[in-house]
Protein chains: 2
Amino acid sequence: MNEYDCLKLESQLCFPLYASSRIIIKKYKPLLDKLDLTYTQYIAMMVLWEVKEINVKELGKKLYLDSGTLTPLLKTMENKGYISRVRSTSDERNLNICLTSKGEKLKEEAKKIPLEMGKCINLTPKESLELYKLLYKILDEEI
Amino acid sequence: MNEYDCLKLESQLCFPLYASSRIIIKKYKPLLDKLDLTYTQYIAMMVLWEVKEINVKELGKKLYLDSGTLTPLLKTMENKGYISRVRSTSDERNLNICLTSKGEKLKEEAKKIPLEMGKCINLTPKESLELYKLLYKILDEEI
DNA sequence: TACAATTTAATTGTATTCAATTTACTTTAA
DNA sequence: TTAAAGTAAATTGAATACAATTAAATTGTA
């Protein structure tokens, strides 16, 4: 043990978080390719499948992403025909994102993805739940 | 409960992994700015502080990154003077990355970062260890 | 009312990520 | 021994991330 041990990669908590996040997202790729979605587009669609309509600010709050990421992402998704982007009439600073019928239809195909993905993660249901709780303990700090 | 509940953002394990990874990396920024390092550059330096010299292939294996990411990253770090990039003489396909004395000196300043970062994560030591073990259970699957 | 402060998206610029391909070098096998 | 197969890094192109700034709209207040 020496004063530099804390700087070893294996002593970090952030590194396995960062690495496992990227690895799991990579495993989604073949499944999401069928829907013509990237992972970030997929989680944006998840929000829309649930709420049907939301503005960029609120979407960003849910996904922890800002307009610098979302603006080009949403324009791409609009070009694919999955969403529409419409200025709010009551407050034109807000941009409302709505699911199109094509985007709504995608939900049916997406339904099987979570189960398929679950098979890719080598954790028991109990471990997954434990991990879930710990991650949300980190996230819940960020208001 | 309906058949689409599995598609809710809150039902996902990957999403909090992805979000908390990005949030924690963002918290490193003010600390790493002082060292003129990004997070990815920082974890590459961690490996080098430990092993002094490594080739791109081996570094990629440790960080779960490929040459498409590492090549530009390492060129930037070379320009900053923290590392040198030298072709192996025994096998010229390999590129060896070495720590420079400037890069070595940085270790002294970096030493305090892990403790500072620990304060930013709202987990008890026991929870942190539990999270660490679960994440490595995911990573250890990836050979 | 005017106008300063605030808020929301968009834009700009830098730095990843990663799949797919290419280039250069090394090893293998006919 | 030399052509084919394999390997390592670099390159290319698309899509994020994110800090910092800008533009447009709204709100608060003197």
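By convention in this document, chain letters (A, B, ...) are assigned in the order of the sequence lines, proteins followed by strands, and residues within each chain are numbered from 1.
At whole-Å resolution of the value, CG in A/L70 and P in C/dA10 are 9 Å apart. Atom CD1 of A/I97 and atom C1' of C/dA10 are 12 Å apart (whole Å). As rounded to whole Å, 7 Å separates atom P of C/dT8 from atom CG of A/N94. For the pair B/R93 CZ and C/dC25 P, the computed distance is 11 Å after rounding to whole Å. At whole-Å resolution of the value, OH in B/Y28 and C1' in C/dT16 are 18 Å apart. Note: CZ (B/R22) to P (C/dT16) measures 16 Å, nearest angstrom. One atom, CD of B/E92, and another, P of C/dT23, lie 18 Å apart when rounded to the nearest Å. The separation between A/N96 atom CG and C/dA10 atom P is 11 Å, rounded to whole Å.
Using a 3.5 Å distance cut-off with no hydrogens or angles, the side chains of A/S88 and A/S90 do pair a donor with an acceptor.
Among the heavy atoms of the strands lying under 4.0 Å from B/L73 are primed sugar atoms or P, OP1, OP2 only; no base atom is included. Using a 4.0 Å heavy-atom cutoff across all strands shown, B/L65 reaches sugar-phosphate atoms only and no base atom. Backbone-only engagement by A/T40 is indicated by non-hydrogen atom pairs under 4.0 Å involving sugar-phosphate atoms exclusively. Contacts of A/T69 with the nucleic acid, taken as non-hydrogen atoms under 4.0 Å apart, include base atoms.
Rounded to the nearest 0.5 angstrom, B/E50 CD and A/Y4 OH are separated by 14.0 Å. How far CG of B/N122 is from NZ of A/K137: 5.5 Å, rounded to the nearest 0.5 Å. Atom NZ of residue B/K80 and atom CG of residue B/L106 lie 10.0 Å apart, to the nearest 0.5 angstrom. To the nearest 0.5 Å, atoms CG (B/L70) and OG1 (B/T40) are separated by 9.0 Å. A distance of 11.5 Å separates CZ of A/R22 from CG of A/L17, quoted to the nearest 0.5 Å.
Across every strand in view, D/dA4 sits in a pair with C/dT27 that passes the Watson-Crick or G-U test at under 3.5 angstrom.
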Practice problem: Please step through ring pair (Phe, Tyr, Trp, His ring centres under 6.0 Å) for the pair A/Y18 and B/Y64, ending with a clear verdict. | Solution: CA-CA 10 Å; A/Y18 158 82; B/Y64 301 89; 9.3 Å; no

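Residues A/T38 and B/K26 both approach DNA chain D. Their nearest nucleotides, taken by heavy-atom distance, put A/T38 toward the 5′ side.
Of all nucleotides in DNA chain D having an atom under 4.0 Å from a heavy atom of chain A, the first and last in 5' to 3' order are D/dA15 to D/dT26.
Nearest heavy-atom pair across A/R93 and A/R87 is O-NH1, 3.0 Å. Residues B/G103 and B/M45 share a closest heavy-atom pair of O-CE, 3.7 Å.
Sorted by residue number, the members of residues 74-91 of chain A with any non-hydrogen atom under 4.0 Å from DNA chain C read A/K75, A/R85, A/R87.
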